[in-house]
Amino acid sequence: LLFSLPPARVRARFERLHRSVWRVKYVPYYPSHARLCGASFGTAEVELNVNVFPKPLKEKNPSLASSTVLVHEWRVWAREFATATRVALPETSDLPELQSLFTEIDWLVEDTVGGGNGGADVKVSWSASEKKDEPSEKPVLLRESLEGLRALWTTRLTDRVPLQYLTNLSEWRDLSLVVTRAVLIPRPETELMVDFVVDVLRETPELANKPWADLGTGSGALAIGIAKELERTVHGMGSRTSSSIETTTAAKETPSRPRVYAVDLSPAAAAVAKHNATRNGVNVEVHEGSWFEPLRAVFEGEDAAQVSASSSANKYSGTLGGVVSNPPYIPRRDMAGLQPEVGKHEPHLALCGGDGQGMDAFLPIYKGAARYLVNGGFLLLETNGGAQAVEVARRIREFEEKSDESSSISDPTTSSRDPENKSPRRVFVDVQIRKDLRGLGRFVSARKGTC
């Protein structure tokens with residue numbers, strides 16, 4: 001995938017910032033949320049101390065003395081071990097291609113080498129692809145011992161643990177996110193969701209003045225990325241306003257900071273998202289719960305457990321400028337065939353979309369969006385692509401709200417038109433299927449229509 005991304009702009013950003021491609025057979029990202037699948041495939045959900053987070057390798061203090069020659073020797077060993085492992089395993093093992101593994105080795109070295117004498121950075125071209133010459137010997141300080149790196153790389157290859165879990169860091173867009181096994185590793189495809197939001201904010205900047213929601217937030221990647229773009233939009237609107245009108249007391253007032261609500265069913269995942277939001281200095285408010293349930297309490301001022309799913313939400317509509325979600329969408333029947341890096345180590349709660357097409361998560365999301373989006377508000381979902389994306393788009397396009405009972409919303413998959421309802425109204429307009437980096441229709445977007 002690293003060498004087949006289409007536009008040069010996307011490829012350049014990806015190669016510079018993104019370290020989430022650790023396999024060639026790319027499996028998209030499905031943020032931690034939501035429906036617990038009854039069957040178990042591989043490891044159980046990981047129980048973590050939600051108040052303690054590991055320090056990423058590249059953020060540790062470099063204090064262990066070594067040399068560029070010793071680091072080079074370790075790098076040679078790691079490449080030879082990767083090659084031997086690749087040769088020994090059958091094709092069905094689905095181990096990443098050698099070039100992908102070599103790239104991981106270089107990232108690992110770059111994160112480990114912290115500096116030279118006096119703490120000065122030592123610039124060594126570790127990623128010179130086939131260079132065999134040893135670098136000139138220079139003293140360096142490491143964040144991890146070479147013995148520790150050897151154990152880490154052995155774990156990576158023998159247990160098939162994703163590198164991001166071993167270094168506790170995922171670099172996504174311009175963000176550095178702490179990741180643990182409580183959350184899925186953010187994928188490059190999901191970066192496009194933030195790009196789509198940016199396009200919408202250019203068309204309708206006033207949506208940045210409303211809060212947004214990221215359902216099934218996992219590490220918080222989407223919520224944090226969108227929060228940053230909302231702030232840029234609001235700041236830009238303020239700059240244009242102040243330059244085009246006379247300064248008044250009202251104009252001098254600082255607008256409220258844009259807010260994103262981030263929701264996850266897993267307490268451990270919600271804790272990771274909250275930690276990452278704090279690290280990145282954004283106004284992301286994290287809630288534990290299923291889909292819109294904890295937000296109903298926020299919007300309606302009641303305890304979520306006391307809010308009936310059938311209670312009228314009409315007076316609370318128009319709360320959110322946008323709703324985004326990257327829910328679990330892998331069909332249950334496909335879970336056992338996932339690549340070991342995914343199936344053995346990433347949380348199944350965040351992967352399994354249920355029986356059939358794996359679409360259990362989508363109805364509560366777009367049904368809640370119909371209630372809480374402002375008119376013209378933006379809905380954006382990631383799907384498994386292909387037929388699933390087409391079906392999700394169809395359901396959203398045909399989703400109706402009865403005009404004689406604003407709180408009653410019908411789902412085309414479970415109900416037929418009520419003959420006594422003379423004018424059912426379709427809720428969403430401008431329903432689109434958007435392509436991912438490989439040209440596959442993966443994302444579904446829509447706007448909430450006007451009443």
Side-chain angles (χ1 to χ4, degrees), residues 7 9-10 13-14 17 29 31 172-175 177 186 188-217 220-245 251 253-263 273 276-277 280-285 295 317-326 365-366 368-370 372-382 393 396 427-437 442-450:
R9 175 182 62 83
V10 174
R13 184 184 72 185
F14 180 84
L17 296 177
Y29 164 58
W172 189 83
R173 288 181 70 88
D174 57 345
L175 306 176
L177 303 169
E189 299 284 338
T190 310
E191 293 185 7
L192 289 177
M193 295 184 75
V194 181
D195 293 338
F196 297 149
V197 170
V198 171
D199 293 339
V200 167
L201 292 175
R202 288 196 187 104
E203 297 171 5
T204 320
E206 57 269 23
L207 290 179
N209 291 321
K210 294 287 186 178
W212 286 53
D214 171 25
L215 306 179
T217 193
L222 260 181
I224 295 167
I226 290 173
K228 285 180 173 289
E229 297 303 334
L230 294 177
E231 289 186 0
R232 290 188 183 103
T233 301
V234 169
H235 178 75
M237 291 169 60
S239 299
R240 288 192 296 272
T241 301
S242 61
S243 64
S244 61
I245 64 174
E253 293 179 358
T254 302
S256 58
R257 196 177 182 194
R259 173 177 297 176
V260 176
Y261 296 109
V263 179
N276 280 324
N280 287 276
V282 292
N283 189 17
V284 171
E285 187 176 299
L295 298 186
S317 64
T319 302
L320 298 172
V323 172
V324 300
S325 183
N326 211 334
I365 297 173
Y366 62 74
Y372 291 112
L373 279 175
V374 298
N375 292 335
F378 187 57
L379 171 64
L380 179 62
L381 304 171
E382 182 170 327
I396 292 175
V427 177
F428 296 104
V429 298
D430 192 23
V431 180
Q432 300 180 37
I433 297 177
R434 299 171 182 253
K435 294 181 178 180
D436 63 15
L437 294 171
R442 180 176 301 281
F443 308 97
V444 177
S445 67
R447 296 276 197 141
K448 183 177 179 182
T450 58

Open item on the list: For the backbone of Val427 and the side chain of Lys448, can you confirm whether one donor and one acceptor N or O come within less than 3.5 Å of each other?
Closed with: no
Output yes when [X] and [Y] qualify as a salt bridge under the 4.0 Å nitrogen-oxygen rule, no when they do not.
X      : Y      : value
Arg447 : Glu203 : yes
Lys435 : Asp195 : no
Glu231 : Lys228 : no

- [ ] Apply side-chain contact (heavy atoms from CB on, under 4.5 Å) to Ala273 and list each qualifying residue two or more places apart in sequence or on a separate chain.
- [x] Thr217, Val286
What I'd like to find out is whether the side chain of [X] reaches to under 4.5 Å of the side chain of [Y], using heavy atoms alone.
X      : Y      : answer
Leu373 : Phe428 : yes
Leu381 : Met193 : no
Val282 : Val260 : no
Leu380 : Val323 : no
Asn209 : Val234 : yes
Leu222 : Trp212 : no

TODO: Taking side-chain hydrogen bond (donor to acceptor under 3.5 Å, both in side chains) as the test, write out the residues that go with Arg434, two or more places apart.
DONE: Ser445
- [ ] Just jot down the side-chain hydrogen bond (donor to acceptor under 3.5 Å, both in side chains) partners of Gln432, sequence neighbours excluded, or say none.
- [x] Asp430
Open item on the list: Using the salt bridge (charged side-chain N to carboxylate O under 4.0 Å, His left out) criterion, which residues pair with Glu206? Sequence neighbours excluded.
Closed with: none
- [ ] Could you pull out all residues at least two apart from Arg259 that satisfy salt bridge (charged side-chain N to carboxylate O under 4.0 Å, His left out)?
- [x] Glu285
- [ ] Tell me yes or no: between the side chains of Ser325 and Glu382, is some donor less than 3.5 Å from an acceptor?
- [x] no
Task: Side-chain H-bond candidate by donor/acceptor type, Thr233 with Arg202, under 3.5 Å - done: no
Open item on the list: Here's a test for you: under side chain to side chain contact (heavy atoms under 4.5 Å, CB included), which of Asp214, Leu215, Leu320 qualifies with Tyr261?
Closed with: Leu320
Task: Test ring pair (Phe, Tyr, Trp, His ring centres under 6.0 Å) applied to Phe443 - qualifying residues, sequence neighbours left out - done: Phe196
